[in-house]
Structures are given as structure tokens and as C-alpha cells.
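These values consider heavy atoms only, across backbone and side chains, with no hydrogens, waters or symmetry-generated copies. Each chain gets a letter, A, B and so on, in the order its sequence line appears, and its residues count up from 1.
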Amino acid sequence: MELKYREFTGLNLPAIEQEVLAAWTAGQAFEKSVSLREGATPFVFYEGPPSANGLPGIHHVISRTLKDLVCRYKTMQGFQVKRKGGWDTHGLPIELGVEKELGITKEDIGKKISVEEYNAKCREAVLRYKDKWDDITRKMGYWVDLNDPYITFKNEYIETLWWLLSELYKKGLLYESVSIQPYSPAAGTGLSSHELNQPGTYKDVKDTSAVAMFRATKDASSAFLFDAAGTDEVFFMAWTTTPWTLPSNLGLTVGPDITYVLVKTINPYTHQTVHVVLAQNLLGKYFKEENKDADFAAYANDGKNIPYTILGSFTGAQLEGLRYDQLLPYEANSPERVREITPDADPFRILLGDFVTTEDGTGIVHTAPAFGADDYRVGKKYNIGILTLVDRQGKFVDGLGEFSNRYVKNYKDDKDYVDVNVDISVKLKKENRAFKVEKYEHSYPHCWRTDKPVLYYPLDAWFIRTTALRDRMVELNKTINWKPKSTGEGRFGNWLENMVDWNLSRSRFWGTPLPIWKSVGSDNQFIDEREGGEEICIGSIDELNKEIRRAAEVLGGDTNKAFLENGIQDLHKPYVDDIILVSPSGKPMRRVPDLIDVWFDSGAMPYAQWHFPFENKETFKQAFPADFIAEGVDQTRGWFYTLHAIACLLFDSVAYKTVVSNGLVLDKNGNKMSKRLGNVVDPFDTIERFGADATRWYLITNASPWDNLKFDLEGIREVQRKFFGTLYNTYQFFALYANVDGFAFREAYIQMQDRPEIDRWILSSLHTLTQKVTAAMDDYEPTQAGRLIEDFVDEHLSNWYVRLCRRRFWKGEYEHDKICAYQTLYECLETVVRLMAPVAPFFSDSLFRQLNAVTNRFTVESVHHAYFPKADESLIDRSLEERMQMAQDASSLILSLRKKVNIKVRQPLQRVLIPVLDAGMKDQLVLIEDLIRSEVNVKEIEYLTETEGFIKKKIKPNFIALGKRLGARMKAVSAALAQFSQEDISRFEKEGQYSLLIDSEPVILQISEVDITSEDIPGWTVAGKGRLTVALDITITPELEQEGNAREFVNRIQKIRKDSGFELTDRIVVKVVAEGSLKTSLEAFRDYISAEILADELEFVSDISGGTDIEINDIVLKTIVLKKG
RNA sequence: AGAUCCGUAGCUCAGCCUGGUUAGAGCACUACACUGAUAAUGUAGGGGUCAGCAGUUCAAAUCUGCUCGGGUCUACCA
């Protein structure tokens, strides 16, 4: 038996997807899509590893759709696209999850639970939801190789990381330094910003704030200041909400472009006349306008209404480098001590910093490098040294006089605590060193565990010197194709310009250990480098094992006993921490306790996924850098950065050539999806209800991937109905008739010139579509591609081609014209399914398989193994596409006229008039005349030319052409043209140019510089669009009315046929009771009617028992329709 | 605090790069048609201070600046 195209019973995308999935599994479709391209040019894709300790969400579906469609597309373009999957398995979320599950806190680790057990728990938790992830991967149709994924906690993976780190170390790009971090003295631990962002950590508190007065040093560079003041004493005013940091002050920072003023005034506490410097914008905070230039003698010694006089103004830049006297000198912060810590430090100077604002304070920022990140950075730049006069318990160190050993905040809940900040402020007041002291309410972070304020504190950390290669990174970034471009230039480019060194250190448990060992003294403390401390960075497991053995030999005893037999088995804590190595000078070395930032894990995946350079050297070479990666835009400074940084630092290369960053998925109201709001969309549910294809199509076509997407299930429903529904209908239509006629594309391919106009048109459109879709996909614009396909299927294929060609499929014999129609429609379907396959992999493959099962035009079994269609330019006929557009417009206009006068389409009309403005237009119209006539049921089209004097024309300037030439005279010309009479216009047309007088200047217009359209046909009802105008003759002659009746009758009988469940080919016998004009109509068109309804007999009788009542133009007829035989 | 994206009809989005005189489409709503594809389709209708202000220009949704609103990222988050 002959193979038939499958006819569906209804569009059920989820069910179709189930079938396709089963076929993919059975046929190993994914594996084949890779193996079939063996030897082809590789297209390299990197999978950004998800963390499987959380459930997949709808936002994962969008980025994975994006990745998947690019990979499928490139495969169809002939590339071999391997997609190695991966899992991100380290990091804080996993630790926090485990802690929550076990009901413990960080302090309990090592006490209630050993690090070994803890890490074992983490390792378990890491792939907790792997099943769910595998499930969504499968159901959404994401093709990625999960048989051999890279997993970041594996020894091989970590070994590559160690190798990378040791390479960085060798290049001097990995170094230890202090950084300023949030620190909780009450808890005795550093806090990550993650912890700082816990709800409730930022609280409004009232702190004692002080405006301190720093006495300027008089020397050559500051002479201008003292000259302006006319005194020997000038103060810089600086504000702080943490007076306890004042003893550690080493600098004052001003904004380079801020204007500062020198003011003569009176200290409200000591009532002495003083000269102070502060930002001009902030004068109002300290002085009342009415006291400006007030009489100093009249001051009442009450601290109120202090007079002031401005003596001069300067920019911050002018103040740079000026010196001042230390505010609170003690033994512990003497310049000698400063230089003990930082040998060549040059403190107590005015510095410039971009971070200074005039929002608060004085515009001069008190700078204590140990206690603020900005302070530290600017301090380092100017080399002012660093003082940390507070210990890790949060109290002052010795050598600070009356403040020694006092807690800077009440960390111990001491009832009798006296605020040291107040005492410092009081001291300043007494010494004429405070200008204003007050309680200040602000938001300040607190430790989420102890509820005590944190302080920013310098802690040791390891850094990658990314700044060393900043320029190279910027340069390489310019070669990357960013989608959207602005992310690369703006967000990322900017980030690179302002990059700081990468702080790698994390004081955690479950992560990649930093492979650095440092020598320790007899007290087991690390020996400072300056005191002969040594360190080593391990770059491989082999090297570590060698060092383990060497240390055991040199140090003897039980050293590394546990590791001697089999070497190290697990590169995690606590095992690595048990290893003692030996320094070149024979001292024992211990590992620094730090783990590394998990972002290093993922940024190193190009190398670590292949265990490079220990294995797969050739594979790596083939797969670096990536041609394409894609993730959410939130990864810009995350994965996109770490990939780029590592590749640039170690390989002097980009890590990826194209990167697409997709936006967020919001709920339909534009809110972020969160569990708290209960507006998260379950991807499993969505896919089960609407199918993965509709979901994918919606996600891709609704908005550009990089725009935020307001996710609305209604939108998926619409996609399902409109796009998939239409395509499904088109396929069903094809299958229905192709099965009847046995079309299997067995006949020779009919050459284009032998096909009718409409076939050539749809094929031309199809090739234009292919061209545009290919361009869009090559440009990583799947949204454009999807919308183009949608448009084609809906507007062109279904609502024009199929609608106009319906009769060709069911009328007449199986011969040339019918075969043309089948071949054409088949080719459209076959091409469309391939064009859409990357985005909608299931339905496209289903249709592809149904079509190919009958025709065997492709040797591959899946659309995803086929090649992407190639546009054939020679089949593209622009003028044909243009005139078909004109046919559509004309039809639409005529239908609207019919509507206006209430004449239904079934009623034939005699003629339409179309004014033609030039010969070309008529040539085009003649070619599509038949289409228009049958579409709108009109017998003839008449073309009007101006010579008949019928058309009223309208002229307007072609602004684009004229604008440049005329400039300001444009308006006058426009007005002049509006006054043109019909005679003016025709003279213009005849002569090809026209001379106008504008402001007594001649302006010569060319015919090409104006647009002439037909406006009206006097005496007719017209409709127009652009250059096209139509007028409809609405006279219904008796003949036309008869034909209309006949058509009505046919329509009613067809309905009865259908309602009675007759087959398309059944012949029938019809009896009808008709009289008068209706009978005349039916008799006149008897042959036509019989042919249309496949009636062997059409009998007029005087009465019928039973039968059906039908109504034609308000007259009821009785009829009976019987199947013959 | 800095960076960046977005703001066009009730909703989802085109148009903006490259300025051109009536700002489009789909959905939704209303009415009328059509129907051998029917979970479709056509026609018509209402619906817009193109977020606001200022500037450049003969001409601004489009270019520039500022403001407002929303989102995201960075400041040891993963």
C-alpha cells in the first residue's frame, strides 16, 4: 500500500513532542547530529555550568533555548557542534543550603561537625536536583552532552585550576595583599557581601559624627592658602560618622573638580576666630546666609549665628599635595610607626579621589586606609601608609593614651560602656579641633548573626593582578561580538576600564583550595616574607605528591604519613590542610587557609573541562576559544569576565568570539519572579501544558533575548494558536489532498518558468525569507528570524497562497497545474520546517518526518541532521513580490468598498476601475488581474489613464529628496505645491520639471522630487492606499443577481454536503422547490451549480416531504440532497 | 555611589542606527462578512501628550542634553 501523509486529529503539541522525544532517543538523534558532521569545521560552544542544588526555573529555559537554537542552526549550516555539559558544584549557596539543612552555623563547622563530614554533605547536596535538571533539559529539547559533563569538584578539574594558578603565580600575577572587608568583631569573622545583603542587616542607627579640623602645614606649596587667610593657622574640615577611625587617619581626600572655599569664621565651641576650608556647596550646612560678612565683634559667644567671610576659593585639584598636622598624635600612630609598617610612606597629605561628593559632610573626606575600601585604594595610590589601630576584637590597641584598649563600639553588651566616639569628639572640641559634633542617623550594616555593627577591616587576601593586563583585556574585548553591542561596550567595557585586582580569597570550606604553602615558625604561624618567609605554589597533583614525599624525608617523624602510600586522594579541605611541605631552606610549610572564588572555577572551564594540559591537548586546541557562549546579562561581570580574564592573562586570547547576554524573565506585570511573591513560573508545568516548542517560540519571538521579558502564559497560547495552529492547518490541508491524489513528489521537478504566477510568487517569497532568516541567524538575531517566519507562514503562505489556491488542490484532474501546486506547497512546507527547526525543534521535526516519510527527498532521518535551506537568488523576483503586494492591497481595498455598500463577496460585480499613474504600474496590474478578480468576485478591471480626464491627482513634495537641497525653503515649496491645480500637475508631468518662485528666487523642481498620487475619481466611491486607488462599480444587473443567487445556492448545498458527512468525491442528487426569479437563476446556472456541488442531477420539483430548508437572500427553499449510489 | 538597559494603543511589541509631514502590527473589545483549511480568516471601528522638559533642524517617536519612572549589575553574592 502506498504511504500516506499522516493526518493529525487535532493540534496537540505536547503529545507530538512526546513522540518526537521517543524518536530522538531511539535514533540517538543528538549523538548523530554531532557524528554526522565528523570532519566538518567545528563550531565551538561553551556551556556555562548551572548549579544543580537549586531547581531550574523559566529563566533557565530562555538562556538554554538561545544556546540550543544557535547550536542547532550551526549544525544545520554544516558545522560540527559538540556541546559538553557541566555542573557548577562549589560555593556559598551550597554551603548555606547544607547549614540550613543541618541546622548549624559557620561556627559549628570544625566543632559540632568536622570539616570532613561537612564537605561530604556539600558534595552530596551539590547534585541534589540533577534529575530535575536532566528532565527539563530533555523536555525543553536542549541538546547538550550530559554523559560526560565536567564537574567542578572533581580532582582533575581542580588540578587544572591549580595549574592555572601556578602559571599565574609564575608570571607574578598571583599575590597576597590586604583588602578591606566587612568584618564582625563580635563574631570574629569576615563577612561576605552575601551575608551583608541578608534582610535586616542594614539598620538606621544614630552615631556620633564629628567635623574635625585638620591644621594645614605652612610651607611653600600652601603659601597661597595662608596668604589668602592672612594668618598662620588654616584648617581643613573633614566629617566622619566613625570618630574611632580618626587616630588612624593618614590623609584627606578632595574631589578634583569640586570648588572649595577658605572661610574666616568662629569655632562655635571655643569661640576662637578660625580659618577653615570646605566645599562651597556645603557652606549652608554650617553657616546661615544672613550671617555672611556679619560683624565678628557682635558674635555672642553662644555658638549660634556665627559670622563668616569667604576669603578665597580653589578647586580640589589645587589643593592636592598640601600637608597637614596629625590630628591625634600618639605613640602608636607616630610617623615612625607608620614607616615601620610601610617603609616609604608619606602620610598627612591632601589627596584627590573621584568618590568624593558634596552630598554630606564637608567635601573633604577623612581617610583612614585600614577602615574603608575607598580610603585604602586612594591611600595606596598616594602611598600614605596604613594604620590599623583597632584589633580584631574591636578595641583600640596599646599606645593610644586614654583611648588604649577601649572598644570602639559596644561589642560586649557592657552595661557601663562609655562611647569612645563621644570621648574623642569631646577631646577635639576642647582642643579647638572640632567644628560640629552631632548625632547623625544613617543606615549602617550589622552582622546578621550578632546584630552588632560591622566594621571594615583589612584582612589578608590573595589577588590576581588583572590590572596588569587591563589594556590588553580592553583591546581583546573590542574583537568580541557582543549581543547586544551595548553590553560589551558599556557595561563590560566600562567594567574593564575601572577594573581592580581580582580578590580570589574566600574563607570557606567547600571549594577549590588555594594551592599555596607558606613556611611557618615554631609557633605554627606563617612567617612574614620580610622575615625570610618562603612560599610555594603547587601546579599539579604529581608535584604535590613529590613535595609530600620530599617533606616527609626532610622533616621526618609522622610528617604526611597518611599520604605517603597513595598520595593525595581528594584535593579538598580538610585533607590538603593536613599536608606539610618543606621550604627550600628546610622549614615546614602549611597551606594558606583560603579557598578561591568559585568564579575562578567557572572561568577556567575552557581548560579544566578537558583536564588541560594534563590530557586532551589536541582537543583543547580545537576547542579554544569558543565561537559562541550565551548566559544571562547578570553574568557580565561574572562568567563573561572570568572567562575573559583568565584567557587574556594566560593565553593572550579571547575566550569567546561571540557572546549573547539575555535579559531577565519577569512576571507579566514586570515584577521580578521570586518565591516570596509567588509569581514564579514552573517550567515543567508550562511545557506540559503548551509544549516546549510554543514556549521556546514565545520566549524567542516576543522580545529580543537581551530585553527583559514579561512572561505571560497568554502569549504562549497566542503563539500556539496563531503560528503553530496556522502551520498545522496548512500541513493538514496539504496532507488531506495530497493523500487523495497520491502526491509523493515522484514527478520531475517542474521548472519555475512552467509554473503559474502565484507559485512563482510564493517560491520567490520563500527564497527571500530564507535569505533574510539566514542573515538574521548569522547575526544572532533569532527574534528577527522567528518573526519573519511567522509572518511568512501566516500572511503569505496560509492567508494568501493557500486561500487563493484551494481550488487547484481539489478541483480537476491530477495533472500539470495540480502538480505545480503540490510541488510548490510541499517545497514551502519542507523549507519552513527547516527554517524554524532551530527554534521549534519538535514540531518541525515531526512535520519533516511526516513529509519525508512519503517523499524520501532527504536521506537523513531528522530535520536536525539536514542542512539549512539555501536561498537561490535566481528564483527571487522582486517585481513579482511587489505586484503581489499590490494585488493584496487592491483586494483588500475592494473588499472594504464592498463592505461599505453592503454587497457580499458572493455577489459578483461587473468591474473595478484602477487609475494607473504610469505604464509600469499597468504592466504590473495586468499580470495579477486574474487573482484580484477571483479574490473579490469582480468580472473585469478597467485601467484609467489621465488622458480620460477621470482622475483627480494630488501632488506633494518628496521630502527626503528635496529637504537637503532646499533646507529652509522647504516650507514654502510645500505650500506652493499644495496650491497646484490639476493643470499644473499635468504640465509638470509632461515637462518633467517645474519652476517655482520662492521669495523671488526661482526654484526648479524635477519630477523625481515630488510624489504624485491619484486622489479621487469623481462620481465614484473610492478607496486608496499609497499610489493605489480603486473604484468599484456597484451596479447589480439582473444577470449578476442571478449568478449571485446561484453562488448562494452552491454555498448552501456545500454546507449540507459537509453536514451530512459526505466524502469530498461523493456524487449527489439534488431536488429543490424553487419558483420565480430564484428558479430562473438556478436554471440559468444549472451547469455551473452541478459542477460545483458534484451533482449528477439537479431537479426542480413542486414539493418535497422532509428535506432541508435553506435560505437565499431572504427566500426560503426546500431542498433534499442525496448521496448517489 | 557608579555603569547599563528599558519607557510608543488596555496588553505584547515594530519603527529609532540612517530625521521626512496621517506613528504601525498582533492580542483584546465592538459590528458585519466569509467559509469543502474551521481551535481558522477578512473588513470596519474606537483606542496614542511616542514618559517629561529643553535644544539642534525647514522638519524630531527618531539626533543631543537634562529630569522622572522601572529593571539589572558592580561595591569579597552565587
- Taking atom C1' in both B:U8 and B:G70, compute the distance separating them and give it to the nearest angstrom. 16 Å

- Note on the structure: Separation of B:A14 atom C1' from A:K772 atom NZ, nearest Å, is 14 Å

- Query: How many Å lie between CG on A:L897 and C1' on B:U43, as a whole number?
  - Reply: 11 Å

- So which one's nearest nucleotide on RNA chain B is more toward 5', A:L11 or A:G638? A:L11

- Query: CD of A:E714 versus P of B:G26: gap in Å, rounded?
  - Reply: 18 Å

- Query: Could you give the CH2-to-C1' distance, from A:W599 to B:A78, as a whole number of Å?
  - Reply: 6 Å

- Message: Mind checking if A:R506 touches a base, just sugar-phosphate, or nothing, with heavy atoms under 4.0 Å?
- Response: base

- A:L804 side, atom CG; A:R806 side, atom CZ - distance, nearest 0.5 Å: 8.5 Å

- Query: What integer number of Å spans the P atoms of B:C66 and B:A3?
  - Reply: 10 Å

- Message: Which residues pass the side chain to side chain contact (heavy atoms under 4.5 Å, CB included) test with A:E1009, not counting sequence neighbours?
- Response: A:A961, A:L962, A:R965, A:L1005, A:Q1006

- Under-4.0 Å side-chain N/O to phosphate OP1/OP2 contact, A:T726 with B:A37: no

- Task: For this output row, return yes or no: ring centroids of A:Y698 and A:F711 closer than 6.0 angstrom.
- Result: yes

- Check ring-ring contact (aromatic ring centres under 6.0 Å, His included) between A:Y129 and all other residues, then give those that pass, not counting sequence neighbours. none

- Starting from C1' on B:A40, measure out to CG on A:N799 and report it in whole angstrom. 8 Å

- Rounded interatomic separation in angstrom, taking CH2 from A:W800 and C1' from B:U41: 13 Å

- Query: Over how many whole Å does the gap from A:D794 atom CG to B:U41 atom P extend?
  - Reply: 7 Å

- Item | Quiz item: A:S798 side-chain donor-acceptor pair to B:A40 base, under 3.5 Å | no

- When every nucleotide of nucleotides 15-20 of chain B is labelled 5' to 3' by its protein contacts under 4.0 Å (heavy atoms), B for base, S for sugar-phosphate only, - for none, what sequence of letters results? -----B

- Item | Polar contact flag, side-chain donor to acceptor under 3.5 angstrom, A:W697-A:E790 | yes

- Query: Between A:D594 and A:R508, is there a side-chain N and carboxylate O pair less than 4.0 Å apart?
  - Reply: no

- Message: If the condition is side chain to side chain contact (heavy atoms under 4.5 Å, CB included), which residues does A:S892 pass it with, not counting sequence neighbours?
- Response: none

- Task: Rounded to whole angstrom, note down the C1' distance from B:A9 over to B:A23.
- Result: 11 Å

- Item | Pairwise C1' distance, B:G24 and B:A31 [rounded to whole Å] | 23 Å

- Ranking B:A14, B:G42, B:C34 by distance to the side chain of A:E1048, first place goes to B:C34

- Query: Given the C1' atoms of B:C27 and B:G47, what is the spacing between them in whole Å?
  - Reply: 14 Å

- Message: Using atom P in both nucleotides, what's the gap between B:C5 and B:G65 to the nearest angstrom?
- Response: 12 Å

- Query: How is the base pairing of RNA chain B summarised as a dot-bracket string, given the Watson-Crick and G-U wobble criteria with both distances under 3.5 Å, [ ] for crossing and | for another strand?
  - Reply: (((((((..((((......[...)))).(((((.......))))).....(((((..]....))))))))))))....

- Query: Who passes ring-ring contact (aromatic ring centres under 6.0 Å, His included) against A:H59, sequence neighbours left out?
  - Reply: none

- Item | Heavy-atom closest pair, residues A:L13 and A:A694 | CD1-CB, 4.0 Å

- side-chain contact (heavy atoms from CB on, under 4.5 Å) test vs A:P908 passes for just one of A:I903, A:N937, A:V938, A:V936, namely A:N937

- Residues within residues 716-724 of chain A bordering RNA chain B, heavy-atom distance below 4.0 Å: A:E718, A:R721, A:K722

Between the protein and nucleotides 4-6 of chain B, which nitrogen or oxygen pairs are less than 3.5 angstrom apart?
none

- Message: At 4.0 Å (heavy atoms only), tell me whether A:V802 reaches a base, stays on the sugar-phosphate, or touches nothing.
- Response: base

- Atom pair OH/CZ of A:Y457 and A:F371 - distance to nearest 0.5 Å: 6.5 Å

- Message: Listing request: all salt bridge (Lys or Arg N to Asp or Glu O under 4.0 Å) pairs with a residue in residues 724-733 of chain A, at least two apart in sequence or in separate chains.
- Response: none

- Sequence neighbours excluded, the answer for ring-ring contact (aromatic ring centres under 6.0 Å, His included) partners of A:F733 is A:Y737, A:F809

- Rounded to whole angstrom units, what separation is found between the NZ atom of A:K485 and the P atom of B:A3? 21 Å

- Message: In whole Å, measure the gap between the P atoms of B:U43 and B:A25 for me.
- Response: 10 Å

- Task: Quote, to the nearest angstrom, the P distance that separates B:U49 from B:G7.
- Result: 16 Å

- Message: Counting only side-chain heavy atoms from C-beta out, which of B:A37, B:A78, B:C13 sits nearest to A:A703?
- Response: B:C13

- By ring-ring contact (aromatic ring centres under 6.0 Å, His included), which residues pair with A:Y801, not counting sequence neighbours? none

- Item | Under 4.0 angstrom between A:Y731 side-chain N/O and B:A37 OP1 or OP2 | no

- Item | First encountered from the 5' end of RNA chain B, between A:F492 and A:L1094 | A:F492

- Separation of A:S934 OG from A:R807 CZ (nearest 0.5 Å): 9.0 Å

- Using side chain to side chain contact (heavy atoms under 4.5 Å, CB included) as the criterion, list what pairs up with A:V474, not counting sequence neighbours. A:R470, A:K478, A:L496, A:E497

- Query: Can you tell which of B:C34, B:A37, B:U12 lies closest to the side chain of A:N702?
  - Reply: B:U12

- Message: Mind checking if A:S51 touches a base, just sugar-phosphate, or nothing, with heavy atoms under 4.0 Å?
- Response: nothing

